[in-house]
Amino acid sequence: MTTVSTPAGWPVTEEAARAVQDGLRTRVVLDEPGPPPGTGHVTGVDVAYDDERDVVAAAAVVLDAATLDVVAESTAVGRVSFPYVPGLLAFREIPTVLAALGALSCPPGLVVCDGYGLAHPRRFGLASHLGVVTGLPTIGVAKNPFTFTHDDPGTPRGSTSPLLAGDEEVGRALRTRDAVKPVFVSVGHRVSLDNACAHTLALTPAYRLPETTRRADALCRRALREAALL
DNA sequence: GCGACAG
DNA sequence: ATCTTGTCGC
């Protein structure tokens with residue numbers, strides 16, 4: 001496990017953080033399909049917090065995309081770098097997530113984030129931000145619709161409905177299990193929305209949430225419990 | 001101005 | 001995100 005501190009120059013105010021987003025958003029690449037599902041590596045990243053102790057732990061878990069077997073994993077801990085503000089989640093998660101990704105012993109391939117990419121007030125959520133900063137293909141799979149609207153997808157697994165910001169499709173509500181609440185998929189960087197949904201389905205053979213985020217969630221919680229950062 | 005709001 | 005017990009069901 002590695003230890004990280006908040007990067008020099010990291011935004012302190014909400015206004016500064018929004019300015020950073022506006023400066024980076026133009027670098028998001030949307031015209032690549034991304035890797036085909038079931039090939040290469042797929043990596044889940046997630047973060048857990050202990051605001052009492054001011055500690056944050058991140059985990060990255062690399063899976064073989066064909067078998068969903070764990071290929072590699074890593075964790076990182078640090079201090080909380082930003083408060084939770086809707087629309088600015090990336091500034092809270094990215095430093096530790098970058099450290100965890102950097103500690104991996106193999107290439108991550110496609111990165112699956114817990115949250116949104118383009119489905120964001122300024123079209124630059126966590127998944128897009130992480131993609132631009134690393135250059136890696138990324139997608140966002142969120143558990144809640146945030147401020148966006150959607151119709152309920154059909155009952156069968158695989159059914160979708162557009163996730164809308166007004167009349168703009170910023171993502172998709174995707175049913176990953178029959179009759180179970182859908183997840184909300186959006187493009188991060190260098191992946192198409194169709195492909196992002198296909199990957200999400202490939203990663204949900206048994207549970208609502210992708211195996212990537214399930215593994216990363218369990219690992220970062222464990223890392224937080226065991227963190228001795230005092 | 002007020003409320004809602006990924007994790 | 002996090003605080004939290006038991007409980008119903010495959």
Side-chain angles (χ1 to χ4, degrees), chain A residues 6 11 14 17-18 20-21 24-25 28 44-61 75-98 100 111-132 138-150 157 162-166 168-174 176-189 193 196 200 205-210 212-227:
Chain A
T6 302
E14 298 183 22
R18 285 187 205 98
V20 170
Q21 290 181 329
L24 292 176
R25 58 190 293 184
V28 176
V45 293
D46 195 19
V47 179
Y49 301 93
D50 183 338
D51 287 296
E52 290 287 291
R53 292 191 302 158
D54 188 36
V55 179
V56 51
V61 180
T75 60
V77 298
R79 305 293 184 184
V80 174
S81 56
F82 208 84
Y84 173 67
V85 179
L88 299 178
L89 178 64
F91 295 93
R92 188 165 165 77
E93 309 219 325
I94 276 190
T96 328
V97 167
L98 282 179
V111 177
V112 180
C113 298
D114 203 356
Y116 281 120
L118 283 191
H120 177 272
R122 287 168 295 285
R123 306 295 178 267
F124 196 69
L126 170 65
S128 298
H129 198 144
L130 186 65
V132 165
T138 60
I139 68 173
V141 180
K143 298 180 282 296
N144 297 293
F146 200 13
T147 61
F148 305 103
T149 61
H150 67 94
R157 157 177 158 87
L163 187 64
L164 299 172
E168 177 188 0
E169 183 181 36
V170 294
R172 229 164 256 168
L174 170 63
T176 55
R177 309 296 305 157
D178 290 353
V180 171
K181 174 179 176 172
V183 298
F184 303 89
V185 179
S186 62
V187 165
H189 182 60
L193 184 54
T200 303
Y207 297 94
R208 177 170 86 111
L209 298 180
T212 40
T213 64
R214 287 170 42 77
R215 304 305 271 248
D217 180 77
L219 183 55
C220 71
R221 289 192 200 218
R222 184 157 64 78
L224 184 64
R225 286 200 313 267
E226 297 170 356

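Chain A is the first sequence line, chain B the second, and so forth, proteins listed ahead of strands; every chain is numbered from 1.
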*Asks:* Nearest whole Å is fine: how far is B/dG7 P from A/Arg92 CZ?
*Replies:*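 Result: 13 Å.
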
*Asks:* Find the distance A/Tyr49:OH to B/dA6:P and express it as a whole number of Å.
*Replies:* 13 Å

*Asks:* Provide the closest heavy-atom pair for A/Val28 versus A/Gly188 in the form atom of the first, atom of the second, distance.
*Replies:*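 Between these two residues, the closest heavy atoms are CG1-O, 3.5 Å.
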
*Asks:* Separation of A/Arg221 atom CZ from C/dC3 atom P, in whole Å?
*Replies:* 8 Å

*Asks:* What's the CZ-P distance between A/Arg225 and C/dT2, to the nearest Å?
*Replies:*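 Interatomic distance, CZ of A/Arg225 to P of C/dT2: 11 Å.
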
*Asks:* Check every strand shown and say whether A/Gly87 touches a base, only sugar-phosphate, or nothing at a heavy-atom separation below 4.0 Å.
*Replies:* base

*Asks:* Please pick, from B/dC5, B/dA6, B/dG7, the nucleotide with the shortest atom-to-atom distance to any side-chain atom of A/Asp46.
*Replies:* B/dG7

*Asks:* Going by an N to O cut-off under 4.0 Å, is there a salt bridge joining A/Arg53 and A/Asp50?
*Replies:*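 Yes, A/Arg53 and A/Asp50 are salt-bridged.
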
*Asks:* Look at all strands and tell whether A/Leu88 reaches a base, only sugar-phosphate, or nothing, counting heavy atoms closer than 4.0 Å.
*Replies:*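 If one applies the 4.0 Å heavy-atom cut-off, A/Leu88 turns out to touch a base.
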
*Asks:* Please verify the inter-ring angle class for A/Phe82 with A/Phe91; under 30° counts as parallel, over 60° as perpendicular, anything in between as tilted.
*Replies:* tilted

*Asks:* Nearest whole Å is fine: how far is B/dC5 P from A/His150 NE2?
*Replies:* 12 Å

*Asks:* Please work out if A/Ala48 contacts a base, only the sugar-phosphate, or nothing of the nucleic acid, heavy-atom cut-off 4.0 Å.
*Replies:* sugar-phosphate

*Asks:* Hey, would you say the A/Phe184 and A/His150 ring centroids sit under 6.0 Å apart?
*Replies:* yes

*Asks:* Below the 4.0 Å mark, does B/dA6 have OP1 or OP2 next to a side-chain nitrogen or oxygen of A/Tyr84?
*Replies:*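 Yes.
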
*Asks:* Please report the distance, rounded to the nearest Å, between NE2 in A/His120 and P in B/dA6.
*Replies:*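 Rounded to whole Å, this separation is 11 Å.
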
*Asks:* Let me know the distance between CZ of A/Phe148 and C1' of B/dC5, rounded to the nearest Å.
*Replies:* 10 Å

*Asks:* Please determine whether a side-chain nitrogen or oxygen atom of A/Asn144 lies at a distance below 4.0 Å from atom OP1 or OP2 of B/dG7.
*Replies:* yes

*Asks:* Hey, are A/Lys143 and A/Asp114 close enough for a salt bridge, meaning a charged N less than 4.0 Å from a carboxylate O?
*Replies:* yes

*Asks:* Round to the nearest Å and state the distance from A/Tyr116 atom OH to B/dA6 atom P.
*Replies:* 8 Å

*Asks:* Would you say A/Lys143 reaches B/dG7's phosphate, i.e. side-chain N/O to OP1/OP2 under 4.0 Å?
*Replies:*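 It does, given that an N or O in the side chain of A/Lys143 lies less than 4.0 Å from OP1 or OP2 of B/dG7.
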
